Number of protein chains: 2
Amino acid sequence: MLSVNSIESKPAASMIERVSMILDVFSPEEPVLTGGEIARRAGLSRATVARILSELAKHDFVDRVQSGYQIGIRCFELGQMAQQPKDLRRLALATMFDLRQATCLTVQLGVLEGNDVVYIEILRGQYRDLTIPSRVGGRVPCYATAGGKALLAHSPNQVVEDLLNGQLEKIGPNTITDPQELRAELELARREGIAYEREESHAGLACAASPILRGDGTAVAAISITAPVGVVEMRLVGPAVHAATLGLNRQTAAAPHWAKL
Amino acid sequence: MLSVNSIESKPAASMIERVSMILDVFSPEEPVLTGGEIARRAGLSRATVARILSELAKHDFVDRVQSGYQIGIRCFELGQMAQQPKDLRRLALATMFDLRQATCLTVQLGVLEGNDVVYIEILRGQYRDLTIPSRVGGRVPCYATAGGKALLAHSPNQVVEDLLNGQLEKIGPNTITDPQELRAELELARREGIAYEREESHAGLACAASPILRGDGTAVAAISITAPVGVVEMRLVGPAVHAATLGLNRQTAAAPHWAKL
DNA sequence: TTGCGTGTCCCACTTAGTGAGACAGAATGC
DNA sequence: GCATTCTGTCTCACTAAGTGGGACACGCAA
């Protein structure tokens, strides 16, 4: 006993949690990592990580390459089988194309996962040269994006409270880190049906978003429009996004098939 | 003690193996399954499956929906992060477009995973109406497809032997199930650089494939062309596929960057 | 050479996972 | 209407599976 309990509070992780921690340290920027590096970032012992990795590799969840490990083909395969993205794409894609045609801006479809927004689909607009850093399968803290705020505004209170109880890290020039301010922002988004963002997730970018809702009023996904600040007045395109999602909400209400989302 | 050890030989699965078994029972045809159904198909106890599923759901690897469970958004996310498919696509996509333009047929890119071929990318040709059942992320037993045979023909002996020692199930009208015959077929594919298939994986479909090779001569992936039987003589398009992959092989040899594949 | 990093292996400790079974609630069928 | 058969959840005693510290050989760079 008296293990190195000094800093970490020994979270008593389940096996699956450990696997999750390991897979979590991979990122598009650093797709290939060495065992030791993974252990360090995941906060696990090297031996444990090595064993889990070799086990994961045995089932192709990760690949062994010369310089370390990377996400394996099996994850790709499972990813293609995920239904939610498929269903949401089918539901929203036509509307998203309409929106892009109308605005010539980048249109994004995202869902809430934990405290992040994960992008399901992205239609690039003009200003392709401008680096709009979102990426299909990528994640951004929800409180810092228009899409995330639209989703939060129509999520159960518990979700919002859990988020507010945590740390709101500043990731962009205008990121809202004050819980009260964020609460007000969400209230506004709920009332208007539109959430806005101006350089809160990334310098130079503005965004407007509206939620796709279930029958009970909670959000399944959000459609957002992104553009460089100054190029277009977001207050003008916001209503277009809102109108588009209202149409989708009518669809989901009419066809209970979508209710399962 | 004296558990139901009658049929199964109690493989003493590791945790990750159990997770793999659970995720394995999902398929595009049945994307949503109930806990009991999963337990039955995976051969695990209901309690165990329920616990693992709830654990997986906690981390969004699976979703809970009204009628059961489905692959979750986290898998989608990880799938987008898998490097191998990305790299291979980047490498092969231009060539694949050329091939489709030249032949007007469906062009597929696949890799070997275990005893199956997993499709990384598919460019649909004309005959769209015809159901060519392959799907990005989908898998087919390798010994029954041209792509799989092309990959096997340039794989380490051990891989081939392991496959031949197993059961070669008949999945199409002409599936080769005799180890000797398959061995000869692979020998031929190795010599010619092209593998053919005629209704071995699916009734009504023919296929020709060539491997993309590493520096050491082992295969990374295979490009294959598929068409309904009778529409086109595969012996005529085979050389086109071969020529295309030879070009790619020259690329990989020249740029050691690709060697890591 | 020394040092640092990698992956692998070993082993005593114990925690975390197991599966049978009991349970309530929801669908389904007769 | 009741009966059946699912579903997911929970408890519990048992133990095997997983843990992490540490030692090891190897490869690379200073």
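Every chain is numbered from 1, with letters handed out A, B, ... down the list of sequences. Everything numeric here is computed off the predicted structure, so don't read it as measured data.
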So if I take every side-chain heavy atom of [X] and compare against [options], which nucleotide ends up nearest?
X	options	answer
A:S14	C:dT6, C:dG17, C:dT18	C:dG17
B:I52	C:dT18, D:dG21, C:dG21	C:dT18
A:T34	C:dT6, C:dG17, D:dG22	C:dT6
A:R46	D:dG18, C:dT6, C:dA22	C:dT6
A:R18	C:dA16, D:dG8, C:dG19	C:dA16
B:A47	C:dT18, C:dG17, C:dG19	C:dG19

Next item on the list: Please confirm whether any donor atom in the side chain of B:R51 sits under 3.5 Å from an acceptor in the base of C:dG17, or the reverse.
Entry: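 Counting by modelled atom types and ignoring angles, no donor-acceptor contact under 3.5 Å is found here.
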Rounded to whole Å, how long is the line connecting atom [atom1] of [X] with atom [atom2] of [N]?
X	N	atom1	atom2	result
A:M15	D:dA17	CE	C1'	10 Å
B:L44	C:dA20	CG	P	11 Å
A:E17	C:dG17	CD	C1'	15 Å
B:L53	C:dG19	CG	P	14 Å
B:I16	D:dA16	CD1	P	20 Å
B:I38	D:dT9	CD1	P	12 Å
B:L33	D:dC6	CG	P	16 Å
A:K58	C:dT8	NZ	P	12 Å

For a 4.5 angstrom cut-off between non-hydrogen side-chain atoms, does [X] reach [Y]?
X	Y	value
A:E121	A:Q108	no
A:V159	A:L112	yes
A:M81	B:C75	no
B:L213	B:V220	no

Note to self: I want to confirm an ordering. Mapping A:S54 and B:V49 to their closest nucleotides on DNA chain C, which one lands closer to the 5' end?
What the structure shows: A:S54
Next item on the list: Starting from the 5' end of DNA chain C, give me the residue, B:E55 or A:Y69, whose nearest nucleotide shows up first.
Entry: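 Here A:Y69 is the residue nearer the 5' end.
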Notebook entry, point to check: Is any side-chain N or O of A:T48 closer than 4.0 Å to OP1 or OP2 of D:dG20?
Noted result: yes
Notebook entry, point to check: Between A:E161 and A:R183, does a salt bridge (Lys or Arg N to Asp or Glu O under 4.0 Å) hold up when you go through it step by step?
Noted result: CA-CA 10 Å; A:E161 290 309 317; A:R183 226 185 285 265; 2.8 Å; yes
